[in-house]
2 protein chains.
Amino acid sequence: MTAGQSEGGERKYQRIANALRAAIDAGEYRPGDRLPGENDLMAAYQVARMTARQALSVLQSEGLAEARKGAGVFVRTFRPLRRRGIQRLAQGQWGTGRSVWSADLDEDRDIVVDGITVTEQDTPDHIADVLGLSEDERVCARSRRFVLDGKPVLLSTSYLPMSVVDGSAITQEDSGPGGVYARLAELGHAPARFREEIRSRMPTTTEAEDLRLATGTPVFLMCRTAFTEGGRAVEVNEMVLDAGSYILEYDFNA
Amino acid sequence: MTAGQSEGGERKYQRIANALRAAIDAGEYRPGDRLPGENDLMAAYQVARMTARQALSVLQSEGLAEARKGAGVFVRTFRPLRRRGIQRLAQGQWGTGRSVWSADLDEDRDIVVDGITVTEQDTPDHIADVLGLSEDERVCARSRRFVLDGKPVLLSTSYLPMSVVDGSAITQEDSGPGGVYARLAELGHAPARFREEIRSRMPTTTEAEDLRLATGTPVFLMCRTAFTEGGRAVEVNEMVLDAGSYILEYDFNA
DNA sequence: CAGTGGTCTAGACCACGTT
DNA sequence: ACGTGGTCTAGACCACTGC
């Protein structure tokens, strides 16, 4: 047999991938350890390079392993941040109770915000829809990047109508104490209600580069809209999150 | 040149993938349309089979396209459900306001719940932690599957302490009018607060089969814990969602 | 510089869906 | 029967990492 899959069992690359996965689960390889490389697998299983490669790619696309060019394939580490969707924007806070997934609570982690840019620009169509703006109205776009332990984990762009924020500190890189929402309140547009919408998909090539994502890591797309008491949408914040770096949490009453 | 990447530009497979992606974005290929196959790309771009294949695999891993064995590679359709995390469990409801991503509001969609099983079993460790149960206490496990238009989109397993629910309708497949939470209320353990925790990652092989996921589709892992007024956790619901089928939405006050 | 993963070629057989 | 994607082989050159 030169090639082709012969009998009714599982594929060769799956057999190899399963063996490696089992070894990881069994603790034979721990997070950060180097897995057998392409050459090792070719020798051990008597397969061609591409087959060994595909086996390793299975583990990568499952998010279990991560290839580093010129170095090897390594077992991935999962140390997510916990992002509390509601408490971070509200005051009321009920007691704790055990959490399901253990996670670092933003303590002892080196989080840096960088790459802040603020521009006035034309309003993208889908943003105009949500903010209820006409075609010719412009918006203030505030972009930021969150970097955790040297790796970017979140990209954020916030859109606010120029008709609301013009002349305020919101159009400055430093929006002042209390941030954008405090300034909105001073302008008579205090956010009273929020809506967060969440999707998840594989990243585009650009997103993967910007967030330096390992292959096999999806992203969260989060879009938060802030409404005033009167029901007007005054801010839309579009975010892209490294899904491997976050646990999203929402606490609410019945 | 027999092989190898020559100059400083983008890879061949990326060039092809980018061209196809642009054509999709431009509307030349619409959702459900068949894309050029491996043979077409080999001829059009003068590349080897594996290179054409890798170009198509880029689109699949981005979730843009989907391969059907023996038929071709097709542009994916994205028609997600909207799951309102808070309103579905609370009464208060403020007005609408435009939503960012258009989505079907659970209307006009054929949603079926099947595969209901209810068992009494030993408590998995991580569930015991959250429910605050000792090792020998047992739980009632209620599993369900949601099927949308013939495709499974959500797997759910709910755990409740036997010491709380024994003898009630909760241990029956049909938990009665108002469901599990109504029964818990009757038992004096009315849920007053909820916590939902969300992660996203690529599916395991098993999850991909159970949800019949196309390659390149991540899953949401959602864990909801229900607390009584006194702060006791009385239910933990672990869910696996097809991320391509859902938009998660949380509305809350400042 | 030796070894690693990343890309690429030019063939092959197979299971599957459509015709 | 034919074309499709899925798997597999046995080679190759390249860029990068780590010693």
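Convention: sequence-line order gives letters A, B, ...; per-chain numbering from 1.
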| query | Considering residues at least two apart in sequence or located in another chain, which fulfil the side-chain contact (heavy atoms from CB on, under 4.5 Å) criterion with B:T123? | reply | B:I127, B:A128, B:L133, B:V139
| request: Could you tell me the separation between the CD atom of A:E66 and the C1' atom of C:dG5, rounded to a whole number of Å? | output: 13 Å
| message | Between C1' on C:dG3 and CG on A:L56, what's the gap in Å once rounded to a whole number? | response | 15 Å
| Nearest-angstrom distance from the residue atom CZ of A:F74 to C1' of D:dT17 | 9 Å
| task | Check the distance between C:dG5's C1' and A:L41's CG and give it to me in whole angstrom. | result | 12 Å
| said: Whole angstroms only, please: what is the CE-P distance between A:M42 and C:dT4? | reply: 11 Å
| task | Among C:dG6, D:dG5, C:dC8, find the nucleotide with the atom closest to the side chain of A:M50. | result | C:dC8
| request: Examine the side chains of A:R142 and A:T117 and answer whether a donor and an acceptor come within less than 3.5 Å of each other. | output: no
| said: Run the side-chain contact (heavy atoms from CB on, under 4.5 Å) test against A:S156 and tell me which residues pass, sequence neighbours left out. | reply: A:R144, A:L154, A:N237, A:M239
| query | Which residues satisfy the side-chain contact (heavy atoms from CB on, under 4.5 Å) test with B:E196, sequence neighbours excluded? | reply | A:F252, B:R83, B:L89, B:M222, B:R224, B:Y250
| request: By nearest nucleotide on DNA chain D, pick out whichever of A:Q46 and B:L35 is the more 5' one. | output: B:L35
| D:dT7 phosphate, OP1 or OP2, under 4.0 Å from A:Y13 side-chain N/O | yes
| Distance only, no hydrogens: is a donor on one side chain within 3.5 Å (strictly under) of an acceptor on the other, for B:R11 and B:T51? | no
| task | Compare the minimum distances between each of C:dT7, D:dG6, D:dT9 and the side chain of B:Q54, then state the nucleotide with the smallest one. | result | C:dT7
| message | Whether A:T51 contacts D:dT7 is assessed here as follows: a side-chain N or O lying under 4.0 Å from the phosphate OP1 or OP2. Is that the case? | response | no
| said: Expressed as a whole number of angstroms, how long is the span from B:R11:CZ to D:dC13:P? | reply: 17 Å
Anything under 3.5 Å between a protein N or O and an N or O of nucleotides 2-4 of chain D, put it in a table, one pair a line.
{"unit_1": "D:dG3", "atom_1": "N2", "unit_2": "B:G70", "atom_2": "O", "d": "2.9"}
{"unit_1": "D:dT4", "atom_1": "OP2", "unit_2": "B:N39", "atom_2": "ND2", "d": "2.4"}
{"unit_1": "D:dT4", "atom_1": "O2", "unit_2": "B:G70", "atom_2": "N", "d": "3.4"}

| remark: Taken in chain and number order and not counting sequence neighbours, the residues that satisfy side-chain contact (heavy atoms from CB on, under 4.5 Å) with B:E62 are A:T205, B:R21, B:V58, B:L59, B:L64
| query | A:R53 CZ to D:dA12 P: how many Å, rounded? | reply | 17 Å
| said: Test of understanding: with ring pair (Phe, Tyr, Trp, His ring centres under 6.0 Å), list the residues that count as partners of B:Y159, not counting sequence neighbours. | reply: none
| request: Calculate the interatomic distance between A:L59 atom CG and C:dG5 atom C1'; express it in whole Å. | output: 15 Å
